[in-house]
Each structure stands twice: as C-alpha cells, then as structure tokens.
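In what follows, every chain begins at residue 1, and chains take the letters A, B, ... in the order their sequences are listed. Computation of the quantities below employed the complete heavy-atom set of this structure, encompassing side-chain atoms and omitting hydrogens, waters and symmetry-equivalent molecules.
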Amino acid sequence: MKNLELAAQFDRIASLLEVLSESPFKIRAYRRIARTLLELPEPIEDVAREGRLREIPGVGDAIAGKIEEYLSTGRIGLLERLKQQIPEGVLELMAIPGIGARTARLLYEQLGVASLAELEAAARAGRIRQLKGMGQRSEAAILEGIQQWHRQAGLHPMPYVLGPAEALAAAVQKLPGVARVDLAGAVRRAEEMAEQAELVVAAADVAGATGAIRVQLGAEALLQPGPWPGTLRVSGPVAGGVTAEVLVVPPEAYAAALFFRTGPARHVEQVSERLADRGWRWEGLRLVSSLEPEREGASVRDPSRAPASEPDMYRLAGLPWIPPELRWGEDEVERAARGELPPRLVEVSDIVGDLHTHTVASDGVATPEEMVEGARASGLRYLAVTDHSPSLTIARGLTVERLRAHRQHLRALSERTGFPLLTGAEVDIRPDGTLDYPDDVLASLDWVVASIHSHFRLDEAAQTRRLLAACEHPAVKVLGHPTGRLLGRREGYPVDLEAVLDRAAETGTAVEINASPDRLDLSARWARRARALGVRIVVSTDAHSPAQLGFLRYGVLTARHAGLAPDDLLNTRPLEELIQSVKPHR
DNA sequence: GCCGTTTTCGGCCCGACTGTTTTCAGTCG
C-alpha cells in the first residue's frame with residue numbers, strides 16, 4: 001500500500017510550491033490530496049488499477065497523472081524538478097515556529113541556509129538579524145525554536161509510531177519460524193511520545209527469524225547482537241520516518257525479554273527489587289534462586305527458571321500482573337502490592353458515544369449523514385455533532401442562523417435514521433472568558449464543548465480566567481482539548497490547570513481527553529489528576545471525517561495510561577444515563 | 001491544482017497577531 005508515501009510526496013510538492021510562492025490554490029490542491037490519501041480506506045494501487053482515480057474528490061487530470069506516474073516509476077517528475085530549484089532541506093526550516101515559506105526562501109536565497117544546522121549557525125553568528133524584515137527578536141525566537149526542536153528531535157507522537165509498529169508486527173507474525181510478536185517500549189506503555197517502534201519476537205531459530213525480519217525491513221536494515229547472549233537485534237526504517245527495532249529471542253526467554261523491553265527502567269528496577277526480596281535474581285533472562293535448595297525441601301524447586309509469562313514473573317515478585325500502560329516507574333508497584341490497581345482498564349469497546357465531531361457545516365470533510373454512517377460502522381450508539389462557532393472564521397464557524405438550520409437538519413436526520421444525535425457546538429472561549437454564542441442559543445443545544453482556539457499568548461492568569469469562566473457557564477458540558485498543546489509542535493498555553501480542574505469538579509463540568517493523534521489533550525498525567533479530583537472525563541475524537549472516528553483508540557490508550565476504568569468516563573454510559581449525569585442547565 | 005443545480009471560466013475559507021515597521025508582510029490557526 002503506497003498511500004502514505006504518495007501522500008508524503010504530494011505534501012513535499014505543496015511545501016516546495018509554497019516556498020516558490022506559487023498559487024495558494026494550487027498548493028491547497030496538493031495538500032488536500034495528501035490529506036485524502038492518508039485517510040483513504042483502500043490501497044491507492046487498487047483504485048488506480050480499476051481506473052477509479054478520478055472518483056477521489058480533489059483528483060483531476062494532473063494529480064491522477066502524477067499518481068500513475070509514481071505507481072509506475074516510483075518518482076514524480078514535478079517533485080524532482082522542484083528539488084532542483086529549492087533543496088529539500090529548506091523545508092526543514094519551516095518546522096521552526098515563525099518561519100514560514102517566505103522566510104525559508106529568504107534564508108536560503110540571502111544566506112544559503114538549507115538545513116536546521118545551517119540555520120542555527122547563521123542565528124548564532126547574528127546574520128539573521130541583518131535580513132530585511134528580521135530583527136534581534138526574530139533571531140532570538142528562531143534560536144529558541146531550534147532548542148525546542150532539539151528537545152523533541154527523534155520523538156514522534158505515539159499514534160504515528162503505533163500504526164507502523166502494528167503493521168510490522170503483523171507482517172513479522174507471518175514469517176516462518178516466528179512464534180510470537182508483541183510491541184514493547186514506550187508504545188506498549190501508551191506514552192504520548194515515542195522514539196521508535198519496538199518489537200519483541202520469539203523464535204526457536206533466532207538467527208533464521210532475524211534474517212527473515214531483516215529482509216522484511218529492507219535494504220537499510222541493520223543487524224546487531226542483542227543485549228543478552230543468544231538474542232539478535234535488527235533495526236531499520238518503517239513508514240512515516242519511524243525507525244523500528246526488533247529484538248529476537250528464544251521462546252523460553254520471551255516473557256522476560258518483553259518485560260525488560262517494555263520498561264521503563266525504574267519500573268523494571270522496582271519489580272526486580274521485589275524479586276530479590278523473595279530470593280530471585282536475574283541471570284540474563286533467567287531467574288535464579290539464591291535460596292539454599294535443601295531449605296526448600298529436596299527437588300521441590302528448580303533453582304533456575306525462565307518466567308513462562310509476564311504474569312508468572314510478577315507472581316514470583318508477589319505482585320499481580322501490572323498492565324503495561326500503568327508502568328510509570330512511580331508508585332504503581334507499591335499500589336499493586338496493596339491491591340490498589342484498577343480492576344479493569346477501559347477498552348475501546350466500552351466507549352459507546354463520541355462527544356466531539358465536525359461536519360462539512362464547519363471544517364469537517366464529511367456530511368452529517370456520512371458521519372452517522374461512520375459512527376454506526378464503528379459500533380457507536382450516539383454522536384454529538386459539535387461544529388465550530390463563528391469567530392473561528394477559517395473553519396467556517398457557524399453563525400447563529402446557520403447553526404439553527406444545522407440543528408434542524410441534525411434533528412431530522414436523527415429521526416430519519418433512528419440514530420441518536422446530540423446537536424451541539426464546539427464554542428470558542430473568547431479572550432475575556434465569554435462564549436462565542438449568546439446564552440439563549442447555547443441553552444438550546446444538547447451538547448456544548450467549550451474550547452480555546454485563539455489568543456494563545458495571553459498570560460497564565462488570563463488563560464486560567466477564561467477556562468474558569470467556561471466552567472461556570474451553565475451550558476458548557478465539557479472543556480475541549482483543555483491545554484491546547486500540539487504534540488511535538490506547540491506547548492499548551494500557560495494555564496493553572498489544577499485550579500481549572502478544581503472548578504470543573506465543583507461545577508460538574510467534564511474535561512476531554514481529545515484523541516486526535518496531534519493532541520492527546522488532556523495528557524495521561526493530567527487525566528489521572530482529574531480523576532483524583534473527582535472531575536468527570538470524556539474521551540472524544542474531534543473527528544473531521546468518518547475515518548477519524550478511529551482516533552478513539554489513541555484517546556482510550558491515553559485513558560488507560562491514566563489508569564481509568566470504564567466507570568471513570570462519561571461516554572461509556574448509555575445516552576439516557578449520560579444526559580442525566582451531566583450538569584443540568586441552571 | 002480542482003470544480004460545476006454558478007458547468008469549461010472564474011472562483012476557491014479569513015481575520016488577528018507579531019515584529020518589523022511608519023503602512024505592512026508574514027505567520028498562524
């Protein structure tokens with residue numbers, strides 16, 4: 001399936017055209033097809049083979065030709081020509097906040113800067129402030145942006161690693177001689193950022209299986225000895241600029257290897273300390289009893305054993321199995337020993353309704369009808385349609401008049417299809433804390449998500465006041481993406497979240513775990529805090545298309561990392577119960 | 001670039017903020 005790589009090609013074309021100041025509409029056409037390809041539910045090769053390319057919205061003669069060109073030759077001539085005009089490294093510069101296409105071009109043409117390293121050198125040498133339209137503040141902002149970039153370098157938002165990791169695991173599972181495969185590392189723990197896709201594989205013939213995996217990973221794959229005798233490690237690039245690292249071990253070493261590779265280090269230490277207390281020490285991937293065999297009674301106990309499974313190993317440490325999402329390396333081992341872990345973490349199938357979605361009425365790409373169809377196909381039992389409010393002009397936020405018509409349309413649709421729809425809005429919280437619709441309009445809606453989309457640079461006191469005011473408003477059911485962060489790209493706005501969560505608890509306002517792969521907002525840490533404070537929590541996708549309803553799993557993984565059980569979330573409940581349990585209009 | 005109950009050309013989402021300016025270009029959402 002070439003959808004992802006083709007999308008990346010079109011994105012690069014769009015960016016290069018942007019640097020060259022081409023028509024914004026042409027650029028948008030390439031961006032659009034890139035986005036469409038990411039969400040296309042079938043391989044683009046199949047669509048091309050069946051002559052259906054032109055049926056894809058946004059594909060005309062020119063783009064259809066380029067898709068076919070790429071599928072047959074592996075290249076797009078236009079992109080090759082553009083790269084001769086502007087080195088691709090110039091596109092790196094646009095990862096720094098404040099540097100857009102025009103500034104990137106200026107930096108390249110005036111200073112010859114074509115990489116982040118060269119940009120940093122130019123900024124340190126004070127050469128950027130000499131450019132027209134740039135000054136000392138711009139130069140300082142660029143240096144700060146580069147520092148920020150370095151801190152994030154090599155890290156990807158977890159959802160962008162999870163997909164390639166699972167695809168690789170599925171492919172590896174089919175290879176001859178492979179007995180078992182699991183994800184490990186930060187992705188298995190549902191951390192929000194991950195460096196790479198880590199897999200652990202069990203195979204009786206370690207060398208043979210490793211060879212097959214190396215072939216699977218392609219020409220650039222690198223084979224190395226593993227960290228334990230008799231194990232091998234192979235790493236190489238997978239989709240989306242992500243690197244995979246696969247550890248291959250003999251079947252009897254699998255459980256221990258999976259435990260070590262899942263980590264984090266502090267958790268492994270804590271469990272190993274408890275094993276030591278019970279007379280076990282690690283010798284490679286085997287546990288060896290340090291107790292005298294005769295004190296155990298003759299031939300009762302094998303002095304050396306490999307744990308048969310992770311639960312078996314935790315049992316030897318006197319612990320229940322600790323789900324990987326709860327392995328923070330903090331107090332989870334103590335809590336497990338005291339029997340304080342949640343009996344069951346929430347699962348995707350527990351979520352019965354999505355409470356934050358968009359349609360073509362604002363900036364979504366699907367009609368309400370298509371969203372309902374998608375929701376049904378995903379097994380949801382209700383949906384809140386929450387298009388944007390008017391001040392978010394770029395998203396075609398709905399005026400009061402358009403909202404009224406939209407609401408009628410949704411109600412009719414719900415009646416016609418028998419699918420329960422909450423007619424709602426994602427309403428902007430203005431800088432002064434007031435909301436972007438009049439109170440009577442808000443009161444007429446079934447579901448109001450209040451979010452901040454503008455004025456990110458107000459100070460902490462002002463941002464906190466905005467969110468506190470939103471909590472106080474009787475119509476606001478939930479705070480959307482409460483910190484406003486974009487993973488790896490933008491810190492959240494400054495806010496006293498503790499105070500906001502306190503007020504949310506007092507007023508019965510829920511907070512959202514926004515499942516968008518670029519947000520995961522609230523974070524697991526804050527979601528855990530929200531639960532401790534008694535705040536109601538929902539997991540929502542913020543879907544702008546039916547395919548994005550599938551983001552739900554990222555939100556659920558974050559909820560699991562936060563230790564949330566089904567009962568901790570509002571949208572695990574049937575619609576009637578949800579309505580009764582949210583804060584009433586006052 | 002695409003698209004058409006506006007149908008083969010002329011539209012296609014816009015407004016605010018920032019740093020550099022002295023009237024604005026570039027970036028961002």
Side-chain angles (χ1 to χ4, degrees), chain A residues 9-37 53-67 69 76 78-79 82 93-107 109-110 128-145 358-365 387-399 402 426 428-432 436 451-459 462 480-481 484-486 489-493 514 516 518-519 521 542 544:
Chain A
Q9 304 280 314
F10 283 131
D11 243 338
R12 248 169 276 163
I13 288 175
S15 297
L16 288 167
L17 291 174
E18 221 174 349
V19 174
L20 291 167
S21 309
E22 273 278 354
S23 153
F25 301 108
K26 189 191 276 195
I27 294 162
R28 188 187 305 164
Y30 283 111
R31 293 258 184 248
R32 182 180 178 204
I33 181 59
R35 181 176 167 183
T36 303
L37 280 166
L53 284 179
R54 295 294 309 270
E55 291 172 24
I56 298 174
V59 175
D61 285 334
I63 287 180
K66 289 177 179 68
I67 293 174
E69 180 187 358
I76 298 177
L78 171 64
L79 179 56
L82 290 172
L93 308 182
M94 292 196 281
I96 304 301
I99 298 184
R102 307 304 295 263
T103 306
R105 184 180 187 176
L106 184 74
L107 288 163
E109 290 183 344
Q110 299 291 313
I128 288 176
R129 73 183 76 169
Q130 293 161 7
L131 293 177
K132 196 158 95 182
M134 308 294 282
Q136 288 199 18
R137 297 178 80 152
S138 306
E139 196 171 79
I142 285 172
L143 277 173
E144 173 52 36
H358 297 272
T359 72
V360 285
S362 61
D363 61 348
V365 297
D387 278 302
H388 288 287
S389 63
S391 75
L392 205 62
T393 46
I394 191 171
R396 294 195 307 279
L398 276 70
T399 60
R402 286 181 60 218
E426 182 183 17
D428 263 66
I429 306 170
R430 296 190 190 117
D432 64 356
D436 201 25
S451 308
I452 285 178
H453 290 114
S454 65
H455 299 85
F456 294 97
R457 297 201 190 188
L458 296 179
D459 65 22
H481 42 76
R485 71 170 181 177
L486 291 178
R489 278 188 281 155
R490 185 179 78 200
E491 307 273 335
Y493 32 74
N514 187 295
S516 161
D518 296 310
R519 294 189 183 272
D521 179 14
D542 203 352
H544 287 66

statement: The salt bridge (Lys or Arg N to Asp or Glu O under 4.0 Å) partners of A:Arg396 (sequence neighbours excluded) come to none

Give the table of side-chain donor-acceptor pairs shorter than 3.5 Å for residues 19-27 of chain A, with sequence neighbours excluded, one pair per line with atom names and distance.
{"from": "A:Ser21", "atom 1": "OG", "to": "A:Arg105", "atom 2": "NH1", "distance (Å)": "3.3"}
{"from": "A:Ser23", "atom 1": "OG", "to": "A:Phe25", "atom 2": "N", "distance (Å)": "3.1"}
{"from": "A:Ser23", "atom 1": "OG", "to": "A:Lys26", "atom 2": "N", "distance (Å)": "3.2"}

query: Just checking A:Ala141: base, sugar-phosphate only, or nothing, at a heavy-atom cut-off of under 4.0 Å?
result: nothing

message: Which residues pass the side chain to side chain contact (heavy atoms under 4.5 Å, CB included) test with A:Arg485, not counting sequence neighbours?
response: A:Glu192, A:Thr483, A:Leu487, A:Leu520, A:Asp521, A:Ser523

Side chain to side chain donor-acceptor pair (under 3.5 Å) partners for A:Arg54, two or more places apart: A:Asp61

task: Please name all residues satisfying ring pair (Phe, Tyr, Trp, His ring centres under 6.0 Å) with A:His388, sequence neighbours left out, ordered by chain then number.
output: A:His358, A:His453

Anything under 3.5 Å between a protein N or O and an N or O of nucleotides 23-25 of chain B, put it in a table, one pair a line.
none

- prompt: Does A:Asp432 have any side chain to side chain donor-acceptor pair (under 3.5 Å) partners at least two apart in sequence or in another chain, and if so, which?
  reply: A:Thr434

message: Let's see if you can work this out: which of B:dC28, B:dG1, B:dG29 has an atom nearest to the side-chain heavy atoms of A:Phe456?
response: B:dG29

Partner residues of A:Thr36 under the side chain to side chain contact (heavy atoms under 4.5 Å, CB included) criterion, sequence neighbours left out: A:Arg32, A:Ile33, A:Ile56

field: Residue pairs fulfilling salt bridge (charged side-chain N to carboxylate O under 4.0 Å, His left out) with at least one residue in residues 93-103 of chain A, sequence neighbours excluded
entry: none

With sequence neighbours excluded, residues passing side chain to side chain donor-acceptor pair (under 3.5 Å) with A:Arg28: none

field: Residues touching DNA chain B, which here means a heavy atom under 4.0 Å, drawn from residues 13-20 of chain A
entry: none

field: Contact pattern, 5' to 3', of nucleotides 9-17 of chain B - B, S or - by protein heavy atom under 4.0 Å
entry: ---BBBSSS

